[in-house]
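Notes follow once the structure below has been shown.
Here is how names work: the chains are called A, B, and so on, in the same order as the sequence lines, proteins then strands, and each is numbered from 1.
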Amino acid sequence: MNQNDLSTMRHSAEHVLAEAMYHLYPGVKMAMGPATKEGFYGDFDLPEGVVLSTEDLPKIEEEMNKIIATRVPMTRKELSVAEARDLFKDNEYKQDWLNEIEARGEKVSVYWTGDSFVDLCRGPHVSYVSDIKAVKLLSVAGAYWHGDSKNKMLTRVYGTAFGSKQELQDYLTMLEEAKKRDHRKLGKEMDLFHFEPEYAPGSVFWHDKGYKIYRKLIEYMRKKQEKNGYIEVCTPAVMDRVLWETSGHWQKYGEHNYSGKTEDGRVFCIKPMNCPGGVLIYGQGIKSYRDLPLRMAEFGKVHRYEASGSLMGLMRVREFTQDDAHIFCTPEQMESECITTLKLILDIYKDFGFEDVKIYLSTRPEKRIGSDEIWDLSEKALANALKHNNYEFEINEGEGAFYGPKLEFILKDAIGREWQCGTIQMDMNLPERFDISYIGEDGQRHRPVMLHRALFGSIERFLGILIENYAGKLPLWLSPQQVLVAPITSEINDYAESVLQQLKDAGLSAQADLSNEKISYKIREHSLEKIPVIMVVGAKERENGTVTIRRIGSEKQETLPLKECIDMLVKEAQMPKI
RNA sequence: GCCGAUUUAGCUCAGCUGGUAGAGCAACUGAUUUGUAAUCAGUAGGUCGUCUGUUCGAAUCAGACAAUCGGCACCA
């Protein structure tokens, strides 16, 4: 079944869901519901006092299957706005839709399921409800009408449908498998990090192994940036509120900041972003056009009081580390800086196994600062950078920051949720507000253009996505513990320790498991910890000066001389070429 | 923040309609010296998320709060 047909069928399944809801919950109002990439959902305004939970889904599903079993046709009818208003006279949500349809001057179409249920819909739909072969309801959630938190919250029912029972089953199995790659689960199993909901909700406690990966990411990025002409700075974590008022962030995001009053009556704020600090460094001394572009990086730890409901493992936290940088340049340099940064980001993602990166260009929002000319220029610079490299992108109309347009680089987690990682943002706000300048060739003061960019975005989030994408099986260079030496009996401990020492001398991160356990137990334990290389040593290996290795995810054994093995692993453990 | 669900031992989870808690794994002790995903036995381990109420009696019922999970909204 092609994507179009599948989508049509899912949309029809959503109509069947709506009808089932009308059967089971008299007085319910159907608001809207589309097919999505993975299934469909329906938003309902439930009668007063009715609460829907996942326990109710089987019952609704059963009702849906009854409707499907009637094999009635789904038929399209076109009618006038007035007729439609009458047909849906008790449903304010449909009236709302009709207003929009009327305003756009479009025709009204409805779809009948048999002759018992009708919904306002553009279509298309399957010919008969029996064309819906396998349907499953998945979850219940709240969702605001028209996606606006000022509106009423409706009850959303998520489900999916497939062309066959088998495909549905495969999909559900795939989801189950994907959940095993959840970084929160793997983080625990691999002993990488934990959270303390009681003391610091949304903040990470990095354990030794997790922090090793974290440091490795920074080490990689630092080298990358040095090679690409960046300098690195470090700015204070706590600064006077006045700074954030000057930058404009206090007014817009004040309630999301952590702040406190000191004895002298000043209000200090823990930095929610690094940019003003960077601008202050730029402001030291007089800058010449010869100093530009000035690429100033900072691995800045920032704190934001994110809404409780938005927190999610490492992906959305209240304390995170940005691989931030601010590029100060002349307007003429703006576009070429965008081009090189864009290329840099995608190069870096390749090193981590991400080939398929979604890019959004987010354009001017309604509430914004700066003249339309500057917006035109900035948006064009970003779009040109994309076109220059022939990158595909989507436009996110009106989703830019209040101070400028941005590019967002999106990676997906194990179950396909999209997360913004890298970003390039034009800023027409801060240079003004902090009145920074450079002396041009003409000897006059000029305003530099400022670009914010983060490549990983947040180290925490990027690491979370890495864990999920590798299912915990990190490449050797990123693995916090690369080798585990496992002697078969305690008889061999001396050789195991000598092997361990040689591994460490070669710069590999290794440990030995000298516990009094069977080799199969050790294999199991350390495989679950996702150690990439398990090095088994027994009497044979000791005698021959060899080791037998087993790679994570493989059952193959390979025996080779220790020296040769170390050389091979050392080579493999190298960071990608910078 | 909003909607729904969940919160019991280090981890994964059981505990019916109220009568002061249970399993497996992990830990510890002992035995076992083992060739590629769990060797056996024993011991110990819990203010049942927090607080307040109802009750002779609360893991269980009610309320508030917190956190977590799935969404929505938000994301400088």
Protein-nucleotide distance ([X], atom [atom1]; [N], atom [atom2]), rounded to Å:
X	N	atom1	atom2	result
A:Lys406	B:C75	NZ	P	8 Å
A:Glu319	B:A76	CD	P	19 Å
A:Met312	B:C74	CE	P	18 Å
A:Ile534	B:A38	CD1	P	12 Å
A:His256	B:G1	NE2	P	11 Å

At 4.0 Å (heavy atoms only), tell me whether [X] reaches a base, stays on the sugar-phosphate, or touches nothing.
X	value
A:Gln425	sugar-phosphate
A:Ser149	sugar-phosphate
A:Ala539	base
A:Arg550	base
A:Glu255	nothing
A:Ser53	sugar-phosphate
A:Arg184	sugar-phosphate
A:Arg551	nothing
A:Asn257	base
A:Thr155	nothing
A:Val302	nothing
A:Ile519	sugar-phosphate
A:Lys252	nothing
A:Ala143	sugar-phosphate

Original post:
With a cut-off of under 6.0 Å to the ring centre and 45° to the axis, is A:Arg156 in cation-pi contact with A:Tyr41?
Top reply: yes
Original post:
Can a side chain N or O of A:Tyr521 be found less than 4.0 Å away from OP1 or OP2 on B:A26?
Top reply: yes
**OP:** Examine B:G1: is either OP1 or OP2 under 4.0 Å from a nitrogen or oxygen in the side chain of A:Ser308? Give yes or no.
**Re:** yes
Original post:
Which value, in whole Å, describes the distance between the P atoms of nucleotides B:U54 and B:G15?
Top reply: 29 Å
Plane angle bin for [Y] and [X] - parallel if under 30°, tilted between 30 and 60°, otherwise perpendicular:
X	Y	answer
A:His256	A:Tyr253	tilted
A:Tyr93	A:Trp145	perpendicular
A:Trp206	A:Phe193	perpendicular

Original post:
Side chains of A:Met64 and A:Leu137: closer than 4.5 Å at any heavy-atom pair?
Top reply: yes
Original post:
Whom does B:A76 pair with, Watson-Crick or G-U wobble, provided both distances fall under 3.5 Å?
Top reply: none
Original post:
For B:U6, what is the paired nucleotide under Watson-Crick or G-U wobble rules, both distances under 3.5 Å?
Top reply: B:A67
